[in-house]
Asker: 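Have a look at the structure that comes next, please.
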Amino acid sequence: MYIKFWRSYGEDKKDVASENLSPESKLSVELEGGKGKQAEGNTRLYRAACLFLTIICLVLLLVVIILSVKLQTGSTVCPERAETAAINRQSPPFAPTCSHKECQALFPNIQPQYRGCQQCADGWLTLDRSCFFLSTFRRSWDDSQKICIAKGGGLAVVTSQRVQSFLAMQGKMQYWIGLRHKGATWTWVNNTVLRESYWADNPLEGDCGILSSEKWFKASCTDYTYFICQVQL
Ligand SMILES: *[C@@H]1O[C@H](CO)[C@@H](O)[C@H](O)[C@H]1NC(C)=O
């Protein structure tokens, strides 16, 4: 009733054709008009919904693209976390990851050559979780150790037959390893006490250790020779 009255009152003078119509037919016209408006409203609603869904689709597409790019380049498997996760038995289904930044923090000096943080740099040898660098130039033991530290590691610590055989097989020269006579004992550069040793029958004299084809020799630390650096992955 209210609508009928309002419509009739408002449109009486505007619409000449509708003046001749009875109030009932006027009402039916208005109702149809209302239906039209309702349909228009629905169309608008559908359009808005379409637009909304389209935007969501585009956003999701963008997310997919960003993630795929990130998985390929930025995000890498973090060796230390991988290890921790394996110990805690919570590794699958997600590979523990660290950002490129964390990777760089782990290996500040050799990072540019690292691919994915888990591989050794070009020119380095890989054994288990270590990278070894056999120098092509000669230095004193101290300078060698400084160079190795600058590369993010230290002179090689040979605590197993496996590493010993590996390095003996790779190197054809005489190399400083991270072994030095301190006080009464021989100690590795990472403060591990010397246990397994591979001294030659006649290892000569000196306070620093040299690896030369299968055997170790002693030499004066100020002598110049090649050296082997080790970086833990
Ligand atoms: C020293 O290095 C050896 C060989 O890489 C490793 O097995 C050992 O755990 C290290 N020790 C310390 C105290 O870092």
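Just so you know, ligand 1 is whichever comes first in the structure, and atom 1 is the first atom listed for that ligand. Heavy-atom basis, side chains included; hydrogens, waters and symmetry copies ignored.
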Asker: Identify all pairs of nitrogen or oxygen atoms, one from ligand 1 and one from the protein, separated by less than 3.5 Å, and list them with distances.
Answerer:
| from | atom 1 | to | atom 2 | distance (Å) |
| --- | --- | --- | --- | --- |
| ligand 1 | 2 (O) | N190 | ND2 | 2.3 |
| ligand 1 | 5 (O) | Q230 | NE2 | 3.2 |
| ligand 1 | 5 (O) | Q232 | NE2 | 3.0 |
| ligand 1 | 11 (N) | N190 | ND2 | 2.9 |
| ligand 1 | 11 (N) | T192 | OG1 | 3.1 |
| ligand 1 | 14 (O) | N190 | ND2 | 3.3 |

Asker: Any chance you could measure W176, atom CH2, to C208, atom SG, to the nearest 0.5 Å?
Answerer: 5.0 Å
Asker: Report yes if the distance between the aromatic ring centroids of W186 and W216 is under 6.0 Å, otherwise no.
Answerer: no
Asker: Got W188 and L194 here, is their nearest side-chain heavy-atom distance under 4.5 Å?
Answerer: yes
Asker: Take a 6.0 Å sphere around CZ of F137 and say whether it holds more than 12 heavy atoms from other residues, nucleotides or ligands.
Answerer: yes
Asker: Does either side chain, that of Q161 or that of S165, offer a donor lying less than 3.5 Å from an acceptor on the other one?
Answerer: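 Checked: Q161/S165 side chains pair up, N/O donor to acceptor below 3.5 Å.
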Asker: Which residue is it: L155, L179, I177, D207? I am looking for the one with a side chain to side chain contact (heavy atoms under 4.5 Å, CB included) to W141.
Answerer: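 Among L155, L179, I177, D207, the one that satisfies the side chain to side chain contact (heavy atoms under 4.5 Å, CB included) with W141 is L155.
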